[in-house]
Amino acid sequence: MAQVLLEKKGNVAIASIDRPKALNALNSSVLDELDALLDAVCKDKEIRVLILTGSGEKAFVAGADIGEMSELNPEEGTAFGKKGNDVFRKLETLPIPTIAAVNGYALGGGCELSMACDIRICSDTAVFGQPETGLGITPGFGGTQRLARLIGPGMAKQLIYSAKNIKADEALRIGLVNAVYPAEELPAAALKLAETIAANAPIAVRACKKAIDEGLELPMDEAIALEETLFGSCFGTEDQKEGMHAFLEKRRHEPYQNR
Ligand code: CAA
């Protein structure tokens with residue numbers, strides 16, 4: 001039975017980790033399914049934004065599967081970490097924007113999964129944390145790297161060393177999430193944000209993602225040059241012509257065609 005579900009609403013796709021009995025914990029087969037889903041999303045030219053969430057009321061994802069990890073040896077542990085990292089990196093480098101709609105526990109691999117998305121919003125019931133040191137391991141699906149980059153090394157170290165969970169309001173305060181919604185409003189808020197993004201010129205949106213993500217890895221002069229190239233490439237698109245002509249003609253632009 002599928003453990004990762006995909007639903008499409010117009011140009012938005014919603015992927016749900018669907019293993020609620022284990023609070024959507026990530027075992028190898030869930031990771032394989034997520035990997036295949038990302039390939040399918042990448043190929044589907046209709047999809048302009050991907051939302052990631054968890055099935056059930058309680059959890060986004062409560063971490064990597066502790067049962068599966070409990071008896072691993074160092075080589076197997078390294079391989080399990082690589083398996084998760086490869087999938088999360090595929091998610092992070094997906095050309096289209098991604099939104100984590102964090103609807104409950106986002107612990108360990110769950111917090112890491114949300115951080116591999118471009119944008120995080122959450123319910124007021126969400127709980128974030130990296131509990132790994134309390135289990136005798138380090139975060140293993142990118143947590144030491146992405147948390148430090150997102151919220152700064154000082155706060156990341158406090159969360160990771162202490163293994164203490166934080167609630168939604170604290171996640172908002174430290175910049176781990178962009179917004180908090182009452183739990184029942186989160187799916188609609190995520191969809192509204194996704195639809196807003198999907199209505200903008202898709203080639204330009206994808207170029208922005210590339211410019212930000214790849215530019216952050218470059219010295220400023222090279223990063224600016226990357227932006228120039230991407231900016232210039234937009235002028236070869238039909239959507240740029242329509243968007244600017246519509247403005248000048250004082251009319252609403254036609255729906256963007258992704259061309
Ligand atoms: N792995 C495997 N099973 C898990 C799980 C996990 N990460 N989290 C929850 N479950 C299972 C529980 O074992 C339980 O199963 P049974 O009903 O068969 O006993 C079921 O989900 C429900 O969980 P609880 O009964 O514990 O629910 P609760 O409401 O009392 O507590 C919770 C919720 C606080 C999230 C608690 O489940 C918990 O602490 N889970 C583990 C969180 C964690 O440590 N995550 C990090 C894992 S390590 C990691 O992710 C490494 C990495 O970076 C790759």
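Being a predicted model, the structure only gives us computed values, none of them experimental. Note that ligands are numbered from 1 as they come in the structure, with each ligand's atoms numbered from 1 the same way.
- For atom 39 (O) of ligand 1, no protein heavy-atom neighbour is present inside the 4.0 Å cut-off.
- Proximity of Leu135 to ligand 1, defined as any heavy-atom pair under 4.0 Å, is confined to the side chain (atoms from C-beta onward).
- Taking a distance limit of 4.0 Å, we find that atom 21 (O) of ligand 1 is approached by some protein heavy atom.
- Here's the thing with Glu112: one of its N/O atoms is less than 3.5 angstrom from an N/O atom of ligand 1.
- Closest heavy-atom approach to atom 45 (N) of ligand 1 among the candidates Ala62, Gly109, Gly143, Gly108: Ala62.
- Salt bridge status for Lys8 with Glu46: present, with a side-chain N to carboxylate O gap under 4.0 Å.
- Taking a 6.0 Å sphere around CG of Asp221, one finds it holds 12 or fewer heavy atoms contributed by other residues, nucleotides or ligands.
- The side-chain heavy atoms of Val205 and Pro97, taken from C-beta on, include a pair separated by under 4.5 Å.
- At most 12 heavy atoms of other shown residues, nucleotides or ligands fall within 6.0 angstrom of atom NZ in Lys164.
- Contact annotation: for Phe141 versus ligand 1, heavy atoms closer than 4.0 Å belong to both the backbone and the side chain.
- Checked for salt-bridge contact, Lys90 and Asp35 meet the test: a charged N lies under 4.0 Å from a carboxylate O.
- By the neighbour-count criterion of 12 heavy atoms within 6.0 Å, atom CD of Glu185 is densely surrounded, having more than that number from other residues, nucleotides or ligands.
- Residue Ile137 places no N or O, backbone or side chain, under 3.5 Å from any N or O of ligand 1.
- No N or O atom of Thr138 sits closer than 3.5 Å to an N or O atom of ligand 1.
- Residue-ligand proximity: Ala22 is placed with a non-hydrogen atom under 4.0 Å from ligand 1.
- Among Ile99, Ile197, Thr98, Ile96, the one residue that satisfies the side chain to side chain contact (heavy atoms under 4.5 Å, CB included) test with Asp118 is Thr98.
- Of the protein's heavy atoms, at least one falls inside 4.0 Å of atom 42 (C) of ligand 1.
- One side chain, Asn27 or Ser29, offers a donor N or O that lies under 3.5 Å from an acceptor on the other.
- Taking every non-hydrogen atom of Asp65 and a distance limit under 4.0 Å, the qualifying atoms of ligand 1 come out as 1 (N), 2 (C).
- Atoms of ligand 1 found under 4.0 Å from any heavy atom of Met69 (numbered from 1 in listed order, with element): 48 (S).
- At a 4.0 Å cut-off, at least one heavy atom of Pro139 sits close enough to ligand 1 to count as contact.
- Within a 4.0 Å radius of atom 10 (N) of ligand 1, the protein has at least one heavy atom.
- At a distance under 4.0 Å, a protein heavy atom can be found next to atom 53 (O) of ligand 1.
- Closest to atom 1 (N) of ligand 1, if we only count protein heavy atoms, is Ile66 N, 2.9 Å.
- A perpendicular orientation is assigned to the rings of Phe235 and Phe231, their planes being inclined by more than 60° (bins at 30° and 60°).
- In terms of polar-atom proximity, defined here as any N/O pair under 3.5 Å, Leu107 makes no such contact with ligand 1.
- Proximity of Glu242 to Gln257: side-chain heavy atoms (C-beta onward) are nowhere separated by under 4.5 Å.
- A tilted orientation is assigned to the rings of Phe80 and Phe141, their planes being inclined by 30° to 60°.
- There is no protein heavy atom closer than 4.0 angstrom to atom 36 (C) of ligand 1.
- By the criterion of a heavy-atom distance under 4.0 Å, both the backbone and the side chain of Ala64 are placed next to ligand 1.
- The protein reaches atom 27 (O) of ligand 1 closely, with a heavy atom under 4.0 angstrom from it.
- The nearest protein heavy atom to atom 50 (O) of ligand 1 is closer than 4.0 Å.
- Using a 4.0 Å cutoff on heavy atoms, Lys58 counts as a contact of ligand 1.
- Look at Lys21 and you'll find a heavy atom under 4.0 Å from some atom of ligand 1.
- Of the candidates Asp86, Leu34, Leu113, Leu113 is the only one forming a side chain to side chain contact (heavy atoms under 4.5 Å, CB included) with Leu91.
- Under the 4.0 Å criterion applied to side-chain N and carboxylate O atoms, Glu195 and Lys9 are not assigned as salt-bridge partners.
- Enclosure of atom NZ in Lys167 is not indicated, since only 12 or fewer non-hydrogen atoms of other residues, nucleotides or ligands lie within 6.0 angstrom.
- Of all protein heavy atoms, the one lying nearest to atom 24 (P) of ligand 1 is Leu23 CD1, 4.5 Å.
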